[in-house]
Amino acid sequence: AAGVIQSPRHLIKEKRETATLKCYPIPRHDTVYWYQQGPGQDPQFLISFYEKMQSDKGSIPDRFSAQQFSDYHSELNMSSLELGDSALYFCASSLAGGDEKLFFGSGTQLSVL
Amino acid sequence: AQKITQTQPGMFVQEKEAVTLDCTYDTSDPSYGLFWYKQPSSGEMIFLIYQGSYDQQNATEGRYSLNFQKARKSANLVISASQLGDSAMYFCAMREGWTNFGNEKLTFGTGTRLTIIP
């Protein structure tokens with residue numbers, strides 16, 4: 001069965017650079033969630049989209065933005081990167097109001113040097 | 001207050017034994033969902049099992065079962081006949097209070113690192 005696809009798997013950036021993370025949800029899933037997991041931490045919710053509209057917002061820095069496109073894939077754009085942005089970034093997808101399960105991608109490991 | 005509490009930072013269990021990972025939650029919402037995820041050292045987050053607040057029976061998925069005690073607000077994960085491949089970080093998570101589609105985010109506990117000993 002198709003899963004949530006995230007790219008790239010690993011990303012190394014310098015301070016003050018920008019990064020774009022991509023997420024392709026499971027086919028037919030209309031909702032995408034982004035989470036950030038720092039080293040040794042639990043995942044923290046950043047932002048979500050339902051039917052291409054932002055549906056909820058968590059602790060996402062103003063330097064970050066995201067969107068969901070017409071094909072339901074989503075991108076997380078991160079600017080002015082800081083050392084503290086180094087983390088594992090997960091995307092998850094679900095079928096809103098139907099399937100209760102939230103499926104995660106394998107994550108993008110971002111390292112800011 | 002913590003919404004999800006996992007009181008066992010680490011556990012060591014002999015292979016083939018059963019193991020129970022504890023999870024308590026805090027919510028005033030009558031409708032909520034509880035999840036368990038496994039995170040191996042490779043990093044991916046693997047869905048294991050789900051329990052809805054209105055489900056009458058405890059959820060089971062193969063070797064995984066969820067011991068749901070609503071009055072105690074606990075949702076412990078039970079793994080039967082543990083295997084070496086079960087060594088991983090385990091997170092309990094809750095979805096609550098969603099008011100519209102796309103507002104169904106999860107709140108995670110701090111996790112339990114399970115190590116299976118041969």
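Below, chain A is the first sequence line, B the second, and so on; all start at residue 1.
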For each of A:Ala92, A:Gly58, A:Ser106, A:Gly40, tally heavy-atom pairs with chain B at distances under 4.5 Å, and name the one with the top tally.
A:Ser106
Would you say NZ of A:Lys57 has more than 12 non-hydrogen atoms from neighbouring residues, nucleotides or ligands within 6.0 angstrom?
no
In this structure, are over 12 heavy atoms from other groups packed under 6.0 Å from A:Lys15 atom NZ?
no
Counting heavy atoms not belonging to B:Phe12, are there more than 12 under 6.0 Å from its CZ?
no
Is the distance between the ring centroids of A:Tyr35 and B:Phe108 under 6.0 Å?
yes
Using a 6.0 Å cut-off, check whether atom CD1 of A:Ile12 has over 12 heavy atoms from anything other than its own residue.
no
Return yes when atom NZ of A:Lys22 has more than 12 non-hydrogen atoms of other residues, nucleotides or ligands closer than 6.0 Å, and no otherwise.
no
Which portion of B:Leu106 sits near chain A, non-hydrogen atoms under 4.5 angstrom
both
Can you tell me if A:Asp71 has over 12 outside heavy atoms packed within less than 6.0 Å of its CG?
yes
Check whether any side-chain heavy atom of A:Phe104 lies under 4.5 Å from a side-chain heavy atom of B:Tyr37, and answer yes or no.
yes
With chain A, the option among B:Arg113, B:Met45, B:Gln39 that has the most non-hydrogen atom pairs under 4.5 Å is B:Met45
Validate the cation-pi geometry between B:Lys105 and A:Tyr33: distance from NZ or CZ to the six-membered ring centre under 6.0 Å, angle to the ring axis within 45°.
no
Contact between B:Phe91 and A:Asp42 at the side-chain level, heavy atoms closer than 4.5 Å - yes or no?
yes
Separation between CZ of A:Arg9 and OG of B:Ser42, rounded to the nearest 0.5 Å:
7.0 Å
